[in-house]
A.B. asks: 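Please find one structure pasted underneath; my questions will follow.
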Amino acid sequence: MSTIFVIILAILGIVLLVLLTTPLYFYRLGIVRQASKEMLATSPDLPNYQEGDVPVEETPWIERQPFEDIDMMSMDGLKLRGYYLPAPAPTAKTAILAHGYAGHAKKDMALLAQLYHEEFGYNVFMPDDRGHGASDGGYIGFGWPDRLDYIKWIHSIIQRVGPESEIVLHGISMGGATVLMTGGERLPEQVKCVIADCAYTSVKDILSYQLGRMFKLPPFPLVYLTSLVCKLHAGYFFGEASALKQVRKTRLPTLFIHGADDTFVPTSMVYPLYEACPVDKELLIIPEATHGMAYSTDPQVYAAKTRAFLKRYMK
């Protein structure tokens, strides 16, 4: 065996090893629940990110509220946890709030929960997605398997509040993509509208973008190989987890919100989502807002736009 042939075999072996192990590394880093997401804390695109629970003193309103813990079994056998807060006065209107990646319902959605409960007078329901918070699950679904969980949650809320229920789905970041993915499914007539704040177009798109942004690597072949690993372990391909495809099927009026300075889920992603929506739609771009910070950056404009949108579709 010539020396050149041995060298070629060694190089091929190294390449094969890299192709086998690197997708597993990225799967564990980005999809597996137990893995630390400390890379988010070092991202220049998330200056306000805090890994772990927010201290109680930073969320005083939500900690004082008498949320009821509600448990549900997913279709694939995961015990999921959600938090329900009835409105100050009886109402049929409920906001289902969807949190972001590696977050928790009460941590991520406290400000919106207070807005809906105190200012709008809605019931509020906030689930911990599979693989997050108090819900079971060893992987993060990026909204795709979660959309089926949200359908079950919707039926649970209708059963609780009554057939006269009127429901808005409102999500931020991964939660924004989740409510768009959910909105593309056949839903009960009680779901009236969707509000998606800084949603990504698809899991494939956002992971390809972040692979370049965080690691300076091209999407091919790593995103495709990691997608195969995800399918084997978590049951879905990145390409099928598309908010854009789901938006094309929606029959729900949708308000799209994005920060003008969002570089984590780039602002450019909101425009194809908006254009793809075939029904009543509105678009709000908040100047100077970074990722997930649209409401905090301009609460008056955000609240006014949300209130006006809800008044059109929540009778």
A.B. asks: Which distance, rounded to the nearest 0.5 Å, do you find between the CE of Met109 and the NE2 of His99?
C.D. replies: 9.0 Å

A.B. asks: For Glu288, I'd like to know if atom CD has over 12 heavy atoms of other residues, nucleotides or ligands within 6.0 Å.
C.D. replies: no

A.B. asks: Are the side chain of Thr250 and the backbone of Gly183 linked by a donor-acceptor contact shorter than 3.5 Å?
C.D. replies: yes

A.B. asks: Treat each ILVMFWY residue as a node, draw an edge where side-chain heavy atoms are under 4.5 Å apart, and state whether Met181 and Trp153 are in one component.
C.D. replies: no

A.B. asks: So, do Val279 and Leu252 sit near enough that their side-chain heavy atoms are less than 4.5 Å apart?
C.D. replies: no

A.B. asks: Not counting sequence neighbours, which residues clear side chain to side chain contact (heavy atoms under 4.5 Å, CB included) with Ala260? List them please.
C.D. replies: Ile285

A.B. asks: What's the spacing between Ile31 CD1 and Leu24 CG if we round to 0.5 Å?
C.D. replies: 12.0 Å

A.B. asks: Could you note down all residue pairs passing salt bridge (charged side-chain N to carboxylate O under 4.0 Å, His left out) where residues 190-208 supplies at least one of them, sequence neighbours left out?
C.D. replies: none

A.B. asks: Using side chain to side chain contact (heavy atoms under 4.5 Å, CB included) as the criterion, list what pairs up with Arg213, not counting sequence neighbours.
C.D. replies: Asp45, Tyr209, Gln210, Thr263

A.B. asks: Give the table of side-chain donor-acceptor pairs shorter than 3.5 Å for residues 226-234, with sequence neighbours excluded, one pair per line with atom names and distance.
C.D. replies:
unit_1: Thr226; atom_1: OG1; unit_2: Leu222; atom_2: O; d: 2.7
unit_1: Ser227; atom_1: OG; unit_2: Phe238; atom_2: N; d: 3.0
unit_1: Lys231; atom_1: NZ; unit_2: Gly235; atom_2: O; d: 3.3

A.B. asks: Which atoms form the tightest heavy-atom contact between Gly100 and Asp108, and what is the distance?
C.D. replies: N-OD2, 3.2 Å

A.B. asks: For the pair Gln190 (side chain) and Pro163 (backbone), establish whether a donor and an acceptor sit closer than 3.5 Å, ignoring hydrogens and angles.
C.D. replies: yes

A.B. asks: Looking at residues at least two apart in the chain, or sitting in another chain, which of them share a ring pair (Phe, Tyr, Trp, His ring centres under 6.0 Å) with Tyr83?
C.D. replies: none

A.B. asks: Are the side chains of Leu111 and Ser296 in touch, meaning some heavy atoms are under 4.5 Å apart?
C.D. replies: yes

A.B. asks: Donor-acceptor check, side chain of Thr91 to backbone of Lys93, threshold 3.5 angstrom: yes or no?
C.D. replies: yes

A.B. asks: Do the rings of Phe256 and Tyr274 sit parallel, tilted or perpendicular, given the 30° and 60° boundaries?
C.D. replies: perpendicular

A.B. asks: Once rounded to the nearest 0.5 Å, what's the spacing between atom CD1 of Ile158 and atom CZ of Arg160?
C.D. replies: 13.0 Å

A.B. asks: Taking the side chain as everything from C-beta on, heavy atoms only, tell me whether Asn123 gets closer than 4.5 Å to Leu85.
C.D. replies: no

A.B. asks: Would you check if the side chain of Ser242 reaches a backbone N or O of Lys245 as a donor-acceptor pair within less than 3.5 Å?
C.D. replies: yes

A.B. asks: With sequence neighbours excluded, what pairs up with Tyr116 under the ring pair (Phe, Tyr, Trp, His ring centres under 6.0 Å) test?
C.D. replies: Phe120, Tyr122, His170

A.B. asks: Taking only residues two or more places apart in sequence, or in another chain, which ones meet Ala98 in a side chain to side chain contact (heavy atoms under 4.5 Å, CB included)?
C.D. replies: Tyr150, Val179

A.B. asks: Where do Ile257 and Thr306 come nearest, in terms of heavy atoms and distance?
C.D. replies: CD1-OG1, 4.5 Å

A.B. asks: Test of understanding: clusters of I, L, V, M, F, W, Y form through side-chain heavy atoms closer than 4.5 Å, transitively. Do Trp144 and Phe237 belong to the same one?
C.D. replies: no

A.B. asks: Is the distance between the ring centroids of Tyr101 and Phe142 under 6.0 Å?
C.D. replies: yes

A.B. asks: For Ala199 and Ala177, which heavy atoms make the closest approach, and how far apart are they?
C.D. replies: CB-N, 3.4 Å

A.B. asks: Given side chains that start at C-beta, do those of Leu187 and Ile167 come closer than 4.5 Å, heavy atoms only?
C.D. replies: no

A.B. asks: Less than 4.0 Å between a side-chain N and a carboxylate O, is that true for Arg251 and Glu189?
C.D. replies: no

A.B. asks: Would you call Ser135 and Lys79 a side-chain contact if the rule is heavy atoms closer than 4.5 Å?
C.D. replies: no

A.B. asks: Output yes when a side-chain donor or acceptor of Thr267 lies under 3.5 Å from a complementary backbone atom of Gly259, and no otherwise.
C.D. replies: yes

A.B. asks: What residue pairs, at least two apart or across chains, pass salt bridge (charged side-chain N to carboxylate O under 4.0 Å, His left out) with a residue in residues 267-277?
C.D. replies: none

A.B. asks: Looking at residues at least two apart in the chain, or sitting in another chain, which of them share a ring pair (Phe, Tyr, Trp, His ring centres under 6.0 Å) with Tyr302?
C.D. replies: Tyr295

A.B. asks: Quick one: do Val247 and Leu284 end up in the same hydrophobic cluster if we chain Ile, Leu, Val, Met, Phe, Trp and Tyr together by side-chain heavy atoms under 4.5 Å apart?
C.D. replies: no

A.B. asks: For residues Ile172 and Ile96: do they belong to one hydrophobic cluster (side chain heavy atoms under 4.5 Å, members Ile, Leu, Val, Met, Phe, Trp, Tyr)?
C.D. replies: no

A.B. asks: What's the separation between atom CD1 in Ile286 and atom OG1 in Thr297, rounded to the nearest 0.5 Å?
C.D. replies: 7.5 Å

A.B. asks: Are the aromatic rings of Phe26 and Phe215 close, with centres under 6.0 Å apart?
C.D. replies: yes

A.B. asks: Does some side-chain heavy atom of Phe264 sit less than 4.5 Å from a side-chain heavy atom of Ile206?
C.D. replies: no

A.B. asks: When you compare the side chain of Val191 with that of Leu169, does any pair of heavy atoms fall below 4.5 Å?
C.D. replies: yes

A.B. asks: Pairing donors with acceptors under 3.5 angstrom, does anything connect the side chains of Gln246 and Glu185?
C.D. replies: yes

A.B. asks: With rounding to the nearest 0.5 Å, note down the distance linking SG in Cys198 to NE2 in His291.
C.D. replies: 4.0 Å

A.B. asks: List for me each residue that meets side chain to side chain contact (heavy atoms under 4.5 Å, CB included) alongside Tyr313, sequence neighbours excluded, and say none if there are none.
C.D. replies: Cys193, Pro253, Asp280, Phe309

A.B. asks: Within the distance-only criterion (no hydrogens, no angle test), does the side chain of Ser156 pair as donor or acceptor with the backbone N or O of Lys152 below 3.5 angstrom?
C.D. replies: no

A.B. asks: Does His132 have its ring centroid less than 6.0 Å away from the ring centroid of His104?
C.D. replies: no

A.B. asks: Between Asp71 and Arg81, is the closest basic N to carboxylate O distance under 4.0 Å?
C.D. replies: yes

A.B. asks: Same cluster for Leu273 and Leu283 if Ile/Leu/Val/Met/Phe/Trp/Tyr side chains link at under 4.5 Å?
C.D. replies: yes

A.B. asks: Is there any salt bridge (charged side-chain N to carboxylate O under 4.0 Å, His left out) pair reaching into residues 121-130, and which pairs are they, with sequence neighbours excluded?
C.D. replies: Asp76-Arg130, Arg130-Asp149

A.B. asks: Between Ile154 and Thr182, is there a side-chain heavy-atom distance shorter than 4.5 Å?
C.D. replies: yes

A.B. asks: Taking only residues at least two apart or on different chains, which pairs with a member in residues 305-315 satisfy salt bridge (charged side-chain N to carboxylate O under 4.0 Å, His left out)?
C.D. replies: Glu282-Lys305, Glu282-Arg312

A.B. asks: Once rounded to the nearest 0.5 Å, what's the spacing between atom CD1 of Ile157 and atom CD of Glu166?
C.D. replies: 14.5 Å

